[in-house]
Amino acid sequence: MALALTALHGIIFVAILTSFACLNYPGLAIGDAGVTVHVEREYVVLDNGIVQLTLSKPGGSITGVKYHGVDNVMEAMEKEDRRGYWDLVWNPSDRDSGMFQKVYGTEFDVVQQDANQVEVSFRTKWEPSHLGKLVPLNIDKRFVMLRGSSGFYTYAIYEHLQGWPDFNLGETRVAFKLRKDKFQYMAIADKRQRIMPMPDDRSDGRSETLGYPEAVRLTDPINAALRGEVDDKYQHSSENKDSLVHGWISSDPSVGFWLITPSNEFKAGGPLKQDLTSHVGPTTLAMFVSSHYSGVDTVPKFRNGEYWKKVFGPVFIYLNSASEKSAPKLLWEDAKKQMQVEVEKWPYEFPGSEDFHKSEQRGSVSGRLLVQDKYISKEYINENSAFVGLASPGEAGSWQRESKGYQFWVRADVNGNFFVKNVRTGVYNLYAWVPGFIGDYKSSINITVTSGNHINLGILVYNPPRDGPTLWEIGIPDRSAAEFFVPDPDPKYINRLYVNHSDRFRQYGLWDRYADLYPDGDLIYTIGVSDYRKDWFYAQVTRKDGQGSEQATTWQIRFRLDSVHPNGTYKLRVALAAAHLSELQVRFNNPRVQPADFTTKLIGRDNSIARQGIHGLYWLFSIDVDSSWLLEGDNVIFLTQTRCQSPFRGVMYDYIRMEAPAGTVASTDAVAE
Ligand SMILES: *[C@@H]1O[C@H](CO)[C@@H](O)[C@H](O)[C@H]1NC(C)=O
Ligand SMILES: *[C@@H]1O[C@H](CO)[C@@H](O)[C@H](O)[C@H]1NC(C)=O
Ligand SMILES: *[C@@H]1O[C@H](CO)[C@@H](O)[C@H](O)[C@H]1NC(C)=O
C-alpha cells in the first residue's frame, strides 16, 4: 500500500514538474514589476515588465506589442494604423451604402496611473461639421494594463447624443494583424485548429477566386502541403456562445496571441449569433456588431435623433509562451484556462469608466422554467436545459435581432432552474428557447433590474405552439440544420480541417452538391420510409439548369392519412434555421394551385448558405391546413423556394411537424407502408 502511494505521488510530481517546465509563467519568472506609462510626442507606451504596448497618440492605434523577446508581435510591415485598430461601418439613414471608418482619437488622456494599473483614453467627439463624413458618435477608446498580467484590455464607449443625425451602425469591431512570418497556426476550438495559408497565398498568382472574393482555391501556396485547399474566412465563424477565446500561435519562439471575450453581454444578436473569429492575415477579430449570418436585422438603427450609449468590451488580449518550440497544444490549453479566469472575473472591477457597471451596481434574476406540452406528457417537462436570457423588451424571439442594448444569457440546469447574475440595471423581458421544442418563450411582464437587487421569478411555464397530436415530424427542433444530410464537398473544394469533422458543413460549395445528388428531379421525402439524416438535404437550394442560370426547386413530403377529420383544421409547423432572400410556398396535393396555399413571402438576408453556416436567424411558421386540402390515403406537400436569382438563395429547415386537429387522437399508422 505504502509503495503504491509513493509511486502515485511520484507520477503526480513528475506531471506537475513537466507542465511548469513547458509553460512560461512570465509574472513569476520576471518578477512583479509595476505598470508604467510613458507619454511621448506621437506614442504612448504601457509596460508591466511582461508586455509592452505601444499606441499612437492621439489616434490610439496599436502599433506595437512587445512580448517574450519578440520586438513586435503585430505586423510591422503594415502601416502603423493597420496593425491593431477599432473600426466601424455606418451609413446615414437616407443612404444605403455603408462607409468604412477607422476610429481615431483626437484627444488623449491618462485616466489612471499607479503601480497596479494604467488606463489610457483616446476620444473623438462628433460635431456638425462632420455631417455625412464621420459617424455621429462620440467614441472613447480605452486601453488598460494591469500589474502582473500577460496582456492588455481594450473597451470603448459609444454615445449618440439626442438630436444628432440618424444612422445605421452596420459593423463595429477591433482588428489585430499579426506578424505573418511568425504566426501560422490558428486555434479557435479544440477541434478547430490548423496550420493556415499565408496571406500572400490569396493573391492572383497563387490562388483562384471561387464564387465570391472571400473564397479562394490555393493553386500555388508557399506551403506546398496546402495546395488545392479552399481558404475562406467564413469557414472559421463561431456562435457568440462558443467564441470566448481564439487566436494564433508562433512556433519559434513558442508564443500565443489570444482574443478573450469574457462576456457576450455587449454583443449584438444574443448567444446564437455567428461571426468571424480569426482568419488568414494572420487576423484576429473582436466582433461586436455585424450583419453576418443575420442580415440588416441585427444592425442597430438610430432614428428621430434618439439618445444611445453602449460599452463594448472590455476584451482581453492575452499573450502566452512556452519554453520548447512548437507547443500549440500547451498554449491553447493555457489560453482556455485564462479564458475561464477572465470569465470568473466578470464583470471586471478595474475599468475606469463609470459607464462600465461594476458587480455591486448590477442585479440578478432567477427562476425555474418548465415546459408543458400535453401531447407529449401529462407532466411538466424540464430536462432540456433551456437557453434563458434577459434582453430589451420586445416580441417573443426579438432578442435574435436586438443590438442596441445588452443581453444576459445562461443555460438552465436539467431541472429548469436558472440564475442570471451581473445584469446591468434596466428594463428587460425574460426570453427563452428550449432545445427539442419549437417557438420562443417570453415573460409576460417587464423586469426592472436595479443595483444590488435580486428578483426571483418563481416557476414559469412555457407552452410551445401546439394544437393537436403529432402525425409526423422531420428533424429536431434546435434552430440548426446540422442533423440533416450534409454532403461531402466536391474533392476540388476541400478545407482539410473540416473533413470528417462534427462541423462538416463548413466546406465550400456544398450547395452545388444538391444537383449532383438529385440530377433528375427534386427531393422526395416519404414519411415512415425516409430518414432525415440521409434523405433531407441540409438546405433547399436552387439548381443550375446547364445554361448557367438557377432554377427554383420543389421538394415533396409524402404521407398517408387513414382518415381525414372533415371539420378539423390541421396544422403544419415549419421551423426554418436560415433564409436568404427566399420565398417558401407550400401547396397541399396540388402542385399548381395559385395562389399557393401558404407563402412566407420574401424573407431573410442571413446569407448562411454562402457563409457555410448551418443556421442563420430562426423563423417559425404555423400553417392552418383546411381538412378539405387533405385526402384519405396518399397526400403530398409541395415546398417550393421560388426566388432563384443566385445559388446562395434558399432556406435551411430546422424542423417540420404535421399536427392533427385539436382534441383528436393521432392514428399511429399515419405513415406510408
Ligand atoms: C415594457 O417596456 C416596454 C419598453 O420599455 C414598453 O413599451 C411596454 O409598454 C412595457 N410593457 C409592460 C407590460 O409594461
Ligand atoms: C472519421 O471520424 C471517426 C470518428 O471520429 C473515426 O473513427 C474515423 O476513423 C474517421 N475517418 C477518417 C477517414 O478520418
Ligand atoms: C361535422 O360537422 C357537422 C355539422 O356541424 C356534424 O353534423 C358532423 O357530425 C361533424 N363531423 C365530425 C366528424 O365531427
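Note that the coordinates shown come from a computational prediction; the quantities given were computed from them, not determined experimentally.
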- Message: Run Thr298 and Arg401 through side-chain hydrogen bond (donor to acceptor under 3.5 Å, both in side chains) and show every step you take.
- Response: CA-CA 5 Å; Thr298 48; Arg401 293 178 167 81; over 6 Å; no
- Query: side-chain contact (heavy atoms from CB on, under 4.5 Å) between His236 and Asn495: does it pass, once the steps are laid out?
  - Reply: CA-CA 11 Å; His236 307 301; Asn495 181 333; 3.9 Å; yes
- Is there a side-chain contact (heavy atoms from CB on, under 4.5 Å) between Tyr375 and Glu659 once you walk through the steps? CA-CA 10 Å; Tyr375 287 97; Glu659 293 167 19; over 6 Å; no
- Which is it for Arg506 and Asp232 under the salt bridge (Lys or Arg N to Asp or Glu O under 4.0 Å) test, yes or no, and what are the steps along the way? CA-CA 10 Å; Arg506 300 185 192 278; Asp232 180 344; over 6 Å; no
- Stepwise side-chain contact (heavy atoms from CB on, under 4.5 Å) check, Ile637 with Val586: CA-CA 7 Å; Ile637 296 176; Val586 185; 3.8 Å; yes
- Item | Derivation of the salt bridge (Lys or Arg N to Asp or Glu O under 4.0 Å) call for Asp522 and Arg543 | CA-CA 9 Å; Asp522 283 329; Arg543 170 199 295 283; 2.8 Å; yes
- Taking it one step at a time, do Val651 and Thr600 satisfy side-chain contact (heavy atoms from CB on, under 4.5 Å)? CA-CA 11 Å; Val651 297; Thr600 61; over 6 Å; no
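The distance from the OG atom of Ser392 to the OH atom of Tyr431 is 7.0 Å, given to the nearest 0.5 Å. With rounding to the nearest 0.5 Å, the separation of CD1 in Ile474 from OG in Ser530 is 8.0 Å. One distance of note links OG1 of Thr209 with CZ of Arg202; it measures 7.5 Å at 0.5 Å rounding. Taken from CD in Gln612 to OG in Ser237, the straight-line distance is 8.5 Å, to the nearest 0.5 Å. Summarising the geometry, atom CZ belonging to Phe485 is positioned 13.0 Å from atom OH belonging to Tyr514; distances are rounded to the nearest 0.5 Å. The CD atom of Glu632 lies 7.5 Å from the CG atom of Asp562; values are rounded to the nearest 0.5 Å.
The side-chain hydrogen bond (donor to acceptor under 3.5 Å, both in side chains) check on Thr599 picks up Glu583, with sequence neighbours excluded. Checked against side-chain hydrogen bond (donor to acceptor under 3.5 Å, both in side chains), Arg368 has no partners two or more places apart in sequence or in another chain. Listed by chain and residue number, Asp190, Glu333 satisfy the salt bridge (Lys or Arg N to Asp or Glu O under 4.0 Å) test with Lys336 (two or more places apart in sequence, or in another chain). Contacts of Asp545 classified as salt bridge (Lys or Arg N to Asp or Glu O under 4.0 Å), with partners at least two apart in sequence or in another chain: none. Not a single ring pair (Phe, Tyr, Trp, His ring centres under 6.0 Å) links His279 to another residue, sequence neighbours left out. A search for side-chain hydrogen bond (donor to acceptor under 3.5 Å, both in side chains) contacts involving Ser291 returns nothing, not counting sequence neighbours. Taking the salt bridge (Lys or Arg N to Asp or Glu O under 4.0 Å) definition, one finds that Asp275 meets it with Lys273, sequence neighbours left out. For Lys301, the salt bridge (Lys or Arg N to Asp or Glu O under 4.0 Å) criterion is met by no residue, not counting sequence neighbours.
Remark: side-chain polar atoms of Gln274 are not paired, donor with acceptor, to backbone N or O of Tyr293 under 3.5 angstrom. Under the 3.5 Å distance criterion, the side-chain polar atoms of Asp478 are left unmatched by any main-chain donor or acceptor of Pro435. In this structure, the side chain of Ser582 engages the main chain of Gly650 through a donor-acceptor pair within 3.5 Å. Side chain of Asn635 to backbone of Arg560: no donor-acceptor contact under 3.5 angstrom is found. In terms of modelled atom types and a separation under 3.5 Å, the side chain of Asn240 and the main chain of Gly270 share a donor-acceptor contact.
The two residues Ile656 and Ile557 have their closest heavy-atom pair at CD1-CD1, 4.1 Å. Pairing each heavy atom of Trp399 with each of Asp440, the nearest pair is NE1-OD1, 3.4 Å. Contact record, Ala577 with Ile614: CB-O, 4.2 Å, taken as the closest heavy-atom pair.
Salt bridge annotation for Arg573-Asp654: absent, with no cationic side-chain nitrogen under 4.0 angstrom from a carboxylate oxygen. The pair Arg194-Glu229 counts as a salt bridge, with a side-chain nitrogen and a carboxylate oxygen less than 4.0 angstrom apart. Under the 4.0 Å criterion applied to side-chain N and carboxylate O atoms, Glu550 and Lys544 are assigned as salt-bridge partners.
Residue-environment remark: CZ (Arg227) exceeds the threshold of 12 foreign heavy atoms within 6.0 Å. Counting non-hydrogen atoms of neighbouring residues, nucleotides and ligands closer than 6.0 angstrom, the CD atom of Glu379 reaches no more than 12 such neighbours. Within 6.0 Å of CD in Glu395 there are 12 or fewer heavy atoms belonging to other residues, nucleotides or ligands.
Contact annotation: the side chain of Leu639 approaches that of Leu584 to within less than 4.5 Å [non-hydrogen atoms, C-beta and beyond]. Tyr380 places none of its side-chain heavy atoms less than 4.5 Å from the side chain of Ile459. Residues Met658 and Leu630 are in side-chain contact: their nearest non-hydrogen atoms beyond the backbone lie under 4.5 Å apart. The closest side-chain heavy-atom distance from Tyr234 to His292 is below 4.5 Å. Between Arg558 and Asp634, every side-chain heavy-atom pair lies at or beyond the 4.5 Å cut-off. Side-chain contact between Thr261 and Phe266 is present, with heavy atoms from C-beta onward closer than 4.5 Å. Looking at heavy atoms from C-beta onward, Thr542 lies out of side-chain contact with Phe648 at the 4.5 angstrom threshold. Between Tyr441 and Val434, every side-chain heavy-atom pair lies at or beyond the 4.5 Å cut-off.
Applying the salt bridge (charged side-chain N to carboxylate O under 4.0 Å, His left out) rule to pairs touching residues 614-626 yields Lys571-Asp624, sequence neighbours excluded. The ring-ring contact (aromatic ring centres under 6.0 Å, His included) pairs that include a residue from residues 599-621 are Phe598-Phe621, where partners are two or more places apart or lie in different chains. Note on residues 409-418: pairs passing side-chain hydrogen bond (donor to acceptor under 3.5 Å, both in side chains), not counting sequence neighbours, are Gln407-Trp409, Asp413-Asn417. Pairs passing the salt bridge (charged side-chain N to carboxylate O under 4.0 Å, His left out) check and including a residue from residues 590-615, sequence neighbours excluded, read Glu214-Arg611.
In this model, no donor atom of one side chain and acceptor atom of the other lie less than 3.5 Å apart for Tyr493 and Gln507. Tyr498 and Arg192 form a side-chain donor-acceptor contact under 3.5 Å, judged by distance and modelled atom types alone. Between the side chains of Tyr508 and Gln235, not a single donor N or O lies within less than 3.5 Å of an accepting N or O.
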